[in-house]
Protein chains: 2
Amino acid sequence: MERPSLESFTARHHLDSRSLCAQIVEAREGAIAVRSAQAATDNLTRIIEATLRLANRKGFAAMTLRELARESGLSLGGLYAYIGSKDELARLIQAWVSRTLRRVMASALEDIDDSRSRLATAIEAHLLTTEALREWFFFLYMEAHHLASDERRQAVAAERNSEQIFADIIRQGQADGHYGAMNADIAAGLVKAMLQDWYLKRHKHGERGLDVAAYADTVTAATEALLATRA
Amino acid sequence: MERPSLESFTARHHLDSRSLCAQIVEAREGAIAVRSAQAATDNLTRIIEATLRLANRKGFAAMTLRELARESGLSLGGLYAYIGSKDELARLIQAWVSRTLRRVMASALEDIDDSRSRLATAIEAHLLTTEALREWFFFLYMEAHHLASDERRQAVAAERNSEQIFADIIRQGQADGHYGAMNADIAAGLVKAMLQDWYLKRHKHGERGLDVAAYADTVTAATEALLATRA
DNA sequence: GCGAAAATATAACGAACGTCCGTTATACAT
DNA sequence: ATGTATAACGGACGTTCGTTATATTTTCGC
């Protein structure tokens, strides 16, 4: 199976801001005061993209709604046709990026049985997803700690879930005799740390001329090497 | 050489909040309006520890000086005997945690020549330092993006510097024939990602019953395995 | 144990925040 | 061409922010 390019992966899984915003508009039917789904999606996309731009630069708490209005092109009052409050805006973004990762990982892994293929595919899918929605994931990581306890618990659960996917693959590989006896949860944690570094330190990787496919190869090779050891 | 415990390492390198605050008081001679260095250190320690507690829970921007006064036990106006402004408080913490890591890494590595010993020592020193000053490092990581451009550049430079230490060790090991030909900068980046995961996801590791020494062994083994490959 | 000096507490300021609401502009139907 | 539903605007409200000026308490040499 040939490897997907970032573009084809993005298109296949609808990993662009507008697609996510369209889903949000649909799911929040009634909570948004604008009737036309088309226009609502347009404006919500501008609001959320502006939020990611501002919040990732100076922090969500430090971003004011006046800045957001200016940056998104809407008026201050106009924002409230799309969001119930500033806090709800953060919760919206976080909830949707979490469920998008879960959806894409599940989709990318279905019909793949061999444990080593699953490992490489999972690493690649994680990296491509976070690359396509880089600002969304950066926002989730940086702001998740400040959520109220309910949403925070949900974000932690999503994180655990994605790590669990890797741990399960590793255990399968160990059962198949491909990997040594290293603790699968700890190994999965190391993999997750390397994967998150991709979108957390994007600027550094860009300067090095490392692209997402090359980084996927590197992380996969590193993980295979790590798992080959008989700890 | 026997491995240092967290306690002995902390004591040897003065990695407690009060020691750092004492250094800050000394360095800021004149900027603090309280004459007694002893009393000034006491209060500054309470201020900074309260800042780390509040800011790491809800974010520095969302933390108010009224909360900080309550949490630290000082009055609102009294805070200004120790800090010039709220922003300066953040800059103080960030600057001192950066230079502390640099100082400790240099100190831990001196007199160690063998590249494989240097790698294990550097990994261990990094983990023990961030473990001893966990809240400080968490604060640095989470708030560094929001600094003004000057201080931001300084924080990025400190991060590069610590990564460079690992890259240099890896290059030395490659020259000595211990390691394969993998790109040293990229490998150092992966190591750094695993090291930072320790203090960024502290709660998770605690739940797993993983202590800092065991994690050091895991990361060292993973790095050795990774570097053994002939990419 | 008294008075100057140092340290802390209290109170107040202007600015800026999130939110809301009366009004105006636009689009579609009649 | 007129009337009605829809969307967006932008200023004002009450609150809370960081900061500073003033008052009070504590400390300590004599």
Side-chain angles (χ1 to χ4, degrees), chain A residues 21-22 24-25 28-51 54-55 57-93 143 146-148, chain B residues 21 24-25 28-48 50-51 54-55 57-93 143 146-148:
Chain A
C21 289
I24 295 175
V25 167
R28 282 164 48 78
E29 161 75 39
I32 291 182
V34 174
R35 311 297 257 257
S36 154
Q38 161 87 17
T41 301
D42 284 346
N43 281 332
L44 187 64
T45 303
R46 287 158 65 196
I47 292 171
I48 288 186
E49 286 187 338
T51 300
L54 292 170
R57 189 186 313 142
K58 51 162 47 189
F60 183 75
M63 174 194 84
T64 73
L65 293 188
R66 284 163 183 79
E67 288 176 306
L68 180 57
R70 202 180 321 123
E71 183 84 7
S72 67
L74 275 79
S75 68
L76 185 54
L79 294 175
Y80 280 83
Y82 298 91
I83 59 168
S85 69
K86 189 189 178 190
D87 281 345
E88 192 198 85
L89 176 58
R91 286 197 297 270
L92 260 188
I93 297 173
E143 306 292 344
H146 313 147
L147 288 169
Chain B
C21 290
I24 295 175
V25 167
R28 282 163 51 76
E29 161 74 38
I32 292 182
V34 175
R35 310 297 259 258
S36 155
Q38 161 87 17
T41 301
D42 284 346
N43 281 332
L44 187 63
T45 302
R46 287 159 65 197
I47 292 171
I48 287 185
T51 301
L54 291 170
R57 190 185 314 142
K58 51 162 45 192
F60 182 76
M63 174 195 84
T64 73
L65 292 188
R66 285 164 179 80
E67 288 175 307
L68 180 58
R70 201 179 323 122
E71 182 86 7
S72 67
L74 275 79
S75 67
L76 183 54
L79 293 175
Y80 281 84
Y82 298 90
I83 58 166
S85 71
K86 188 189 179 190
D87 280 346
E88 192 198 85
L89 176 58
R91 286 198 297 269
L92 261 187
I93 297 173
E143 305 292 345
H146 313 146
L147 288 169

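Since we're looking at a predicted model, the values are computed, not measured. Values reported hereafter were calculated over all heavy atoms of this structure, with side chains retained and with hydrogens, waters and symmetry mates removed.
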Undergrad: Would you kindly give the CG-to-C1' distance between A:L65 and D:dG10, to the nearest whole Å?
TA: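 Atom CG in A:L65 sits about 14 Å away from atom C1' in D:dG10.
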
Undergrad: Indicate whether OP1 or OP2 belonging to C:dA7 is found under 4.0 Å from a side-chain N or O atom of B:N43.
TA: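 No.
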
Undergrad: What is the distance, rounded to the nearest whole Å, between atom CG of B:L79 and atom P of C:dA9?
TA: 9 Å

Undergrad: So what does B:D87 touch, heavy atoms closer than 4.0 Å: a base, only the sugar-phosphate, or nothing?
TA: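 Since no nucleic acid heavy atom lies under 4.0 Å of B:D87, the category is nothing.
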
Undergrad: Whole angstroms only, please: what is the CZ-C1' distance between A:R70 and C:dC17?
TA: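 Result: 14 Å.
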
Undergrad: Could you please name the option among D:dT19, C:dT8, C:dC20 that lies closest to any side-chain atom of A:Y80?
TA: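 Closest nucleotide among those given: C:dC20.
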
Undergrad: Look at B:E88 together with B:R28 and state whether they make a salt bridge at an N to O cut-off of under 4.0 Å.
TA: yes

Undergrad: What is the separation between atom CG on B:L74 and atom P on C:dT8, rounded to the nearest whole Å?
TA: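 Rounded to whole Å, this separation is 6 Å.
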
Undergrad: Rounded to the nearest 0.5 Å, how far does CG of B:L68 lie from CG of B:L74?
TA: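 One gets 8.5 Å once the value is rounded to the nearest 0.5 Å.
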
Undergrad: Select one nucleotide: of D:dT19, C:dT8, D:dA8, the one nearest the side-chain heavy atoms of A:Y82.
TA: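 So the side chain of A:Y82 is nearest to D:dA8.
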
Undergrad: Find the distance B:Q38:CD to C:dA6:P and express it as a whole number of Å.
TA: 19 Å

Undergrad: The side chain of A:R66 lies closest to which of these nucleotides: D:dA8, D:dA12, C:dT8?
TA: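 Looking only at side-chain atoms, A:R66 lies closest to D:dA12.
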
Undergrad: Classify the nucleic acid contact of B:G84 as base, sugar-phosphate or nothing, counting any heavy atom under 4.0 Å across all strands shown.
TA: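 Since no nucleic acid heavy atom lies under 4.0 Å of B:G84, the category is nothing.
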
Undergrad: Once you round it to whole Å, what is the distance between C1' of D:dA7 and CZ of A:R46?
TA: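 Distance check: A:R46 CZ to D:dA7 C1' gives 13 Å.
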
Undergrad: Here's a test of your reading of the structure: between B:G77 and A:T64, which maps to the more 5' nucleotide of DNA chain C?
TA: B:G77

Undergrad: What is the separation between atom NZ on A:K58 and atom P on C:dA16, rounded to the nearest whole Å?
TA: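 Rounding to the nearest Å, NZ of A:K58 and P of C:dA16 are 12 Å apart.
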
Undergrad: Are the side chains of A:R91 and A:E143 in contact, using a 4.5 Å heavy-atom criterion?
TA: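 Contact flag for A:E143/A:R91 side chains = no.
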
Undergrad: Identify whether the distance between the nearest side-chain nitrogen and carboxylate oxygen of A:R46 and A:E71 falls below 4.0 Å.
TA: no

Undergrad: Between P on C:dG22 and CG on A:L76, what's the gap in Å once rounded to a whole number?
TA: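 One finds 16 Å between P of C:dG22 and CG of A:L76, rounded.
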
Undergrad: B:Y80 versus B:L65: any side-chain heavy-atom pair under 4.5 Å?
TA: yes

